[in-house]
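Naming: A, B, ... by sequence-line order, numbering from 1 per chain.
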There are 4 protein chains.
Amino acid sequence: MVEKRKRDSASDAKPVGKKRDAERTRLVIIQAAREEFAENGYDGARTDRIAVRTGMSKGVLYHYFNSKDDLFVAVLEDIYLELRSQNEALVLDDFEPEAGIRELIAHTYNYFVNHPEFIVLVNSENLMKSQHLERSQSVRSMFAPLSHRLGELISRGQEQGIFRANVDIIELYISIVGLGYFFLSNRWTLSVVFNRDLLAEGAEEKRLAHMTELVLDYLRNVKPMDGLK
Amino acid sequence: MVEKRKRDSASDAKPVGKKRDAERTRLVIIQAAREEFAENGYDGARTDRIAVRTGMSKGVLYHYFNSKDDLFVAVLEDIYLELRSQNEALVLDDFEPEAGIRELIAHTYNYFVNHPEFIVLVNSENLMKSQHLERSQSVRSMFAPLSHRLGELISRGQEQGIFRANVDIIELYISIVGLGYFFLSNRWTLSVVFNRDLLAEGAEEKRLAHMTELVLDYLRNVKPMDGLK
Amino acid sequence: MVEKRKRDSASDAKPVGKKRDAERTRLVIIQAAREEFAENGYDGARTDRIAVRTGMSKGVLYHYFNSKDDLFVAVLEDIYLELRSQNEALVLDDFEPEAGIRELIAHTYNYFVNHPEFIVLVNSENLMKSQHLERSQSVRSMFAPLSHRLGELISRGQEQGIFRANVDIIELYISIVGLGYFFLSNRWTLSVVFNRDLLAEGAEEKRLAHMTELVLDYLRNVKPMDGLK
Amino acid sequence: MVEKRKRDSASDAKPVGKKRDAERTRLVIIQAAREEFAENGYDGARTDRIAVRTGMSKGVLYHYFNSKDDLFVAVLEDIYLELRSQNEALVLDDFEPEAGIRELIAHTYNYFVNHPEFIVLVNSENLMKSQHLERSQSVRSMFAPLSHRLGELISRGQEQGIFRANVDIIELYISIVGLGYFFLSNRWTLSVVFNRDLLAEGAEEKRLAHMTELVLDYLRNVKPMDGLK
DNA sequence: CATGAATGAGCGTTCATTCAT
DNA sequence: TATGAATGAACGCTCATTCAT
């Protein structure tokens, strides 16, 4: 279920027909940088180590990217693009409403499980108040299509009378993401303060089951008045 | 609703007279360090700036704490202690089950809203896989009492027939925390990818309403079979 | 044969009839400083550690001595005084010339063996070109009496026809000291470059035998012409 | 008689063209470090000042050497290599035994006279119990060849009946080295305690004459029994 | 007198970035 | 274009010394 990183990057969806060595090099650098940033956060990452990971000299980094900041922007764009392309592989239209929600929750969660870098990268960026993403064109509104499709799924459920009314799609989607993201992101401190090993075998699956139930019970909660409003 | 930092720190619950300057200085340093770590994360924080914030020389930091790491441990302990003492102010026993849950959700969420440092500090610590908290004695199992009280609240609701069965208290509590924490922590990147200003007026309250409903609908979801199991 | 350090210091030869606490404190500090300087050299020594060794606060050091430099002067004076008082215990007049030389060599060498601090302290001071000793009154010409007595011993040997003529007393005394001092001071590097463990059991005694023979063979080397010159 | 440092270092025996700047820079750093360590000892040396001496920035030191310790190792290796290569220039086989000894004594002594850094460097290293040299491969047993050649010289002298029997080569060599080394190393304190200016004109030559006589008289001291043993 | 908190210059080291080759 | 030597500001930390209590 987990795809290998090297082949997974959103960037290499681009046509590499002609041997564009420059393009390949860019990708190698982004991969190396992703790993380094993911293991250490933005401030903890070292350009030297990124260079070592690429197997190339440090000057190359600065030839392709002007600065550590620019490189971080590229890494963020790359991983967000990857997440979106994974999301697009999920065609919610094929599912019944409830099954569709289950799929969406599991799909989203599994991406985080399989790409722990995403969480570190995004947390780092939030620490810096999104100053890099703000400069990116390709990421803005990136999740609009997905939330639109989620809206359609909810609508279908509502029409079928199995989903409640008054659902704020974005709040819902943030909940779907957050219930898993927070757990995966904060496992280490949570394990300490609750004295329960959340890194243990089975903990991830247990979380997924709980959050799926939580969200679906919320959605299925059709009140008698709903139809009349 | 937000209390000022200076009076809010868990540490100064102790009677701080004028006698022992040392004790006072320790608190001043922890406060200064909390601010610096909160604004920049662990790696981004600078001991020089912490010293400037204290109004004292840099050497004094090392007179009280042996290293930046030790200081970070002290800051984490202080803020977790503060959170716990705030939690203890909330006597859930006084509430009907549903109202109790509402209180807990709001109380927890408001602490994060009023103490944005908490989120940055804890995210930083998770980036480092809890290596500092691991060394702390005072934080381990710190949230056991609270999850115990939450369990009692749920039990009361179940006895009254208004709450569902089969609730994993810790999973539930992580959801209660995570639904707010994730939103507050990730507002900046979420605002970009959803193209909705989550830092705008009203967004925080909206979030609280949504997550309260989500959790309560889950808990109230009494299935016919529940009583029979 | 080795006396304990604490009772051995030259300083406490002074009359401690009245309970002069100040004087006692001075000695305690000098002892502590001697140990610290001896283990780490001047630059490597830490005033904090000296204070810890005394069991008193750092301020005390600066009350009795104005600076690390002044304290080092006091330590040097103390240990040179100690060496001299040990030398004075050796009454060369009681010995036949050859036995006297043997005694002097062994006595001097054994002091170094039993007081390895002396070597580190003196090497440190030479690294700094004697800038501290230069300020000391009590040490200047301190070894004049001893070299005078050595001269008398040599004269007696010459009169008895068993010692050679033309002996420069100070050169000879420097040789007597240096043959042992150099070995003891440089054992660590010598062990490496010669690949022979000079810190092993027996190495010290072997050295003493060698250097005694060296010096005595030199002195006994009476040439036929000596008497005629 | 004293060669200038720049041409004298053991390291630049290698052909240093203009091609590899790196090699050149390494040597420049080692030279600068040698001077700084020699003037101040290990603890007294400052990496800032070493950088200033190289005319380059401080970071460059760490580009070539990982730490002050590693740099000190390199300096020690360099100067020991230099001493050995000087020693190898002395072909003892060409000399009659006694002349050979004279040459060896003078050669060794003159190296110290012309390279006062050697003494400070080695004293510093002994203060630290040879912890740097221990890590060096190139220095271990470095003086084995020389002591072997000294042994052959002594043997020839013994065969000719002009040198005594029972000579421990390493003890002898340590004496030859130590008689000069100690004088040169400790001139400053010795001048104070003997009240004789050992830094004055002529003092060095006088020392050499004395120590040569001392060693030769020891070696020449053929006892009647020697041949019979 | 004695304490130990506080100072501040300075230490060994790091690191994003530049630039000669 | 690619390399890696070089830069220099800044980092975490130290330490001899001072000073209020």
**Whole-Å distance separating the CG atom of C:Asn40 from the P atom of F:dT14** = 15 Å
**Asked** Can any side-chain N or O of B:Asp69 pair as donor or acceptor with the backbone N or O of B:His132 at less than 3.5 Å?
**Response** no
**Asked** Do B:His63 and B:Thr25 come within less than 4.5 Å of each other through their side chains, counting heavy atoms only?
**Response** no
**Request:** Look only at the side chain of C:Thr54 and the backbone of C:Ala51, and say whether a donor-acceptor pair between them is shorter than 3.5 Å.
**Result:** yes
**Message:** Check for me whether A:Lys68 meets the cation-pi criterion with A:Tyr42, that is, NZ or CZ under 6.0 Å from the six-membered ring centre and within 45 degrees of the ring axis.
**Reply:** yes
**Message:** Could you tell me how far apart C:Phe72 (CZ) and F:dC15 (P) are, to the nearest whole angstrom?
**Reply:** 17 Å
**Request:** Using the criterion of both pairing distances under 3.5 Å for Watson-Crick and G-U wobble pairs, give all stems of 3 or more consecutive pairs involving DNA chain E.
**Result:** E:2-21 with F:2-21
**Value in whole Å for how far the C1' atom of F:dA6 lies from OH of D:Tyr64** = 8 Å
**Asked** Taking A:Glu36 for the side chain and A:Arg46 for the main chain, is one N or O donor matched with an acceptor at less than 3.5 Å?
**Response** yes
**D:Ser136-D:Glu77 side chain donor-acceptor pair, cut-off 3.5 Å** = yes
**Asked** What heavy-atom pair brings B:Phe37 and B:Ala45 nearest, and what distance separates the two atoms?
**Response** CD2-CB, 3.3 Å
**Request:** Measure from CG on C:Leu71 to P on F:dC15 and round the result to the nearest Å.
**Result:** 16 Å
**Asked** Atom CD1 of D:Ile29 and atom C1' of F:dA6: how far apart are they, to the nearest Å?
**Response** 10 Å
**Complete:** From CD of D:Glu23 across to P of F:dG4 the rounded distance in Å is 15 Å
**Item:** Sugar-phosphate only, base, or nothing, as touched by B:Phe65 at under 4.0 Å among non-hydrogen atoms
**Value:** nothing
**Request:** Please check if the side chain of C:Asn126 supplies one atom and the backbone of D:Thr189 the other of a donor-acceptor pair under 3.5 Å.
**Result:** yes
**Item:** Nucleic acid footprint by protein, nucleotides 7-13 of chain E - heavy-atom cut-off 4.0 Å, B for base, S for sugar-phosphate alone
**Value:** BB-BSBB
**Prompt:** Do the side chain of A:Glu125 and the main chain of A:Leu133 share a donor and acceptor less than 3.5 angstrom apart?
**Reply:** yes
**Message:** Rounded to whole Å, how long is the line connecting atom CG of C:Leu61 with atom P of F:dC19?
**Reply:** 17 Å
